[in-house]
Amino acid sequence: MVKSLLVRAHAKINFYLNVTGKRPDGYHDIETVFHSIGLHDDVTLRRLSKPEILIQCNHPSVPCDAQNLGYRAAQLLMIHTDSRYGVDISIKKRIPPAGGLAGGSANAAAVLRGMNELFEFGLSQPELMCLGLQLGADVPFCLLGGAAIGRGVGEILTPLPALKETHLLLTNQGIEVRTGWAFQHLHFALTNRPLDDIIVRGFLEHGDRRGLAENMYNCLEIPVFLKFPDIEALKCELASCHGSYGALMSGSGATVFSVMQDAASADQVSAGLSERFAFCTTTTTSSVGLSLA
Ligand code: ATP
């Protein structure tokens, strides 16, 4: 048995997000188009001989205790498998927290997949996804990766063809938007643009980046932009910058991404945004990647 593993936990963006209803349990039904991106955290897992969980993270606003989604994933898996061993988790964050990029969910997915490998638990992908859903609505997609339509709370996944490597520019001004707040302040009457999944599938299959970018939509922009006009201003700036096909807020924000024509335009625009978090990345087919630490 190997003693430690390095797991790449990839972030996601949403090319489309609509809320279709409120459920009796207080959660919302959504329809979304997820896509994994190259930006990732490094999650290192080390086997411990006692059933305990240690955790550290290099980002000051991420909790280093039982509230961390990575910790909760380890705890859930250890209870589920009645594990005699424990794990030491170290998270090197690159994904901005509370940024609409599913950073916490990606870490949870990395711990589930990584521990399953490290301890040879032998759980199947559907079993891991089922456990993941107990931790967060985005965890099942973070385990699947690539591109998919998400329905229900985001856990009913229909895989889509992943977009050929596409250059993206991500920006985040350090504003943390709480996902629950954004959903609570949504005005249903103002937000209803149904998903045409055949058209989206066509854009992805044919690598039609312009078509995809021109049809992007996120209903959560309405409440978020009302409270944080700076995020809307950033979106307008990105949408009209040189080499951009279009821009959108990801998830509940605050990260805004732009679909770029090429790497050179992405680099050039990102250099002009240096005082804010600006990150050039690409779409990817990866979810969580494992390697020996
Ligand atoms: P989503 O898009 O899934 O709604 P998000 O990208 O907006 O999520 P996260 O990065 O997952 O947001 O962080 C949301 C909150 O979760 C943070 O404010 C943080 O306090 C908490 N959190 C717990 N564990 C983690 C983790 N491992 N990484 C990041 N945040 C975490």
Side-chain angles (χ1 to χ4, degrees), residues 11-19 31-39 94-96 98-103 147 162-177 179 182 185-187 190-196 199-200 202-204 206-284:
K12 61 80 185 159
I13 53 172
N14 306 80
F15 284 119
Y16 172 93
L17 175 57
N18 199 17
V19 176
E31 215 169 21
T32 189
V33 175
F34 291 116
H35 209 300
S36 301
I37 61 172
L39 174 66
R94 294 194 193 85
I95 307 171
L101 300 172
L163 193 60
K164 273 180 250 158
E165 190 184 77
T166 293
H167 293 277
L168 303 165
L169 173 60
L170 268 54
T171 55
N172 183 306
Q173 304 162 91
I175 300 170
E176 294 200 358
V177 182
T179 305
H185 289 81
L186 185 71
H187 301 289
L190 295 175
T191 56
N192 196 11
R193 186 159 137 195
L195 175 68
D196 191 329
I199 289 189
V200 170
F203 290 145
L204 294 170
H206 300 116
D208 182 355
R209 301 171 177 106
R210 183 191 294 274
L212 182 69
E214 285 175 354
N215 286 279
M216 296 190 298
Y217 175 71
N218 182 350
C219 73
L220 295 176
E221 286 184 339
I222 294 175
V224 173
F225 288 177
L226 267 176
K227 179 153 188 218
F228 303 105
D230 284 355
I231 303 178
E232 183 173 20
L234 183 62
K235 177 186 166 176
C236 293
E237 191 181 332
L238 279 195
S240 58
C241 71
H242 171 73
S244 166
Y245 285 130
L248 192 75
M249 185 180 82
S250 184
S252 56
T255 305
V256 174
F257 66 91
S258 175
V259 180
M260 303 299 291
Q261 283 173 20
D262 49 45
S265 321
D267 286 341
Q268 194 188 330
V269 178
S270 125
L273 291 166
S274 55
E275 76 280 14
R276 290 167 274 188
F277 170 89
F279 192 88
C280 297
T281 187
T282 60
T283 53
T284 180

Closest non-hydrogen contact found for Asn18 with Cys219 is OD1-CB, 3.7 Å

Euclidean distance, Ser244 OG relative to Leu238 CG, rounded to 0.5 Å | 6.5 Å

To the nearest 0.5 Å, atom CG of Asp230 lies from atom CD of Gln173 at 5.5 Å

Flag the pair Asp262 / Ser265 as yes when at least one side-chain heavy-atom distance between them is below 4.5 Å, and no otherwise.
-> yes

Check the pair Val269 / Met260 against side-chain contact (heavy atoms from CB on, under 4.5 Å), numbers first and verdict last.
-> CA-CA 10 Å; Val269 178; Met260 303 299 291; 4.0 Å; yes

Is a side-chain N or O of Thr166 found less than 3.5 angstrom from the main chain of Lys164, in a donor-acceptor match?
-> yes

Work out which heavy atom in Ala266 is nearest to a heavy atom in Leu169; give both atom names and the distance.
-> O-CD1, 4.2 Å

Considering non-hydrogen atoms only, spot the tightest contact between Lys12 and Ser250 and give its length.
-> O-OG, 3.9 Å

Do Val256 and Leu248 touch side chain to side chain, with heavy atoms closer than 4.5 Å?
-> no

Measure the CZ-OG1 distance between Arg209 and Thr283 for me, rounded to the nearest 0.5 Å.
-> 7.0 Å

Taking ring-ring contact (aromatic ring centres under 6.0 Å, His included) as the test, write out the residues that go with Phe257, two or more places apart.
-> Phe15

Minimum-distance pair of heavy atoms, taken over all atoms of Val224 and Ser252 = CG2-O, 3.8 Å

Residue pairs, two or more places apart or on separate chains, that pass ring pair (Phe, Tyr, Trp, His ring centres under 6.0 Å) and touch residues 220-245 | none

Tyr16 to Leu195 - nearest heavy-atom pair and separation | OH-N, 3.1 Å

Straight-line distance of Leu220 CG to Thr179 OG1, nearest 0.5 Å = 8.5 Å

Short side-chain to backbone donor-acceptor contact, Asp208 and Gly211, under 3.5 Å | yes

Could you tell me whether a side-chain N or O of Asn218 sits under 3.5 Å from a main-chain N or O of Gly251, the two making a donor and an acceptor?
-> yes

Show your working on side-chain contact (heavy atoms from CB on, under 4.5 Å) between Thr281 and Leu170 and close with a plain yes or no.
-> CA-CA 8 Å; Thr281 187; Leu170 268 54; 3.9 Å; yes

Please assess Ile231 against Val177 for the test side-chain contact (heavy atoms from CB on, under 4.5 Å), listing each intermediate value before the final yes or no.
-> CA-CA 11 Å; Ile231 303 178; Val177 182; 4.2 Å; yes

Could you go through the side-chain contact (heavy atoms from CB on, under 4.5 Å) check for Val33 and Met216 one step at a time?
-> CA-CA 10 Å; Val33 175; Met216 296 190 298; over 6 Å; no

Measure the CG-OG1 distance between Leu163 and Thr284 for me, rounded to the nearest 0.5 Å.
-> 11.0 Å

The reported gap from CD1 in Ile222 to CE in Met249 (rounded to nearest 0.5 angstrom) is 10.0 Å

For Lys235 against Ala247, the heavy-atom pair lying closest together = CE-O, 3.2 Å

Check: Asp267/Ser270 side-chain N/O donor and acceptor closer than 3.5 Å = no

With sequence neighbours excluded, residues passing salt bridge (charged side-chain N to carboxylate O under 4.0 Å, His left out) with Arg94 = Asp42

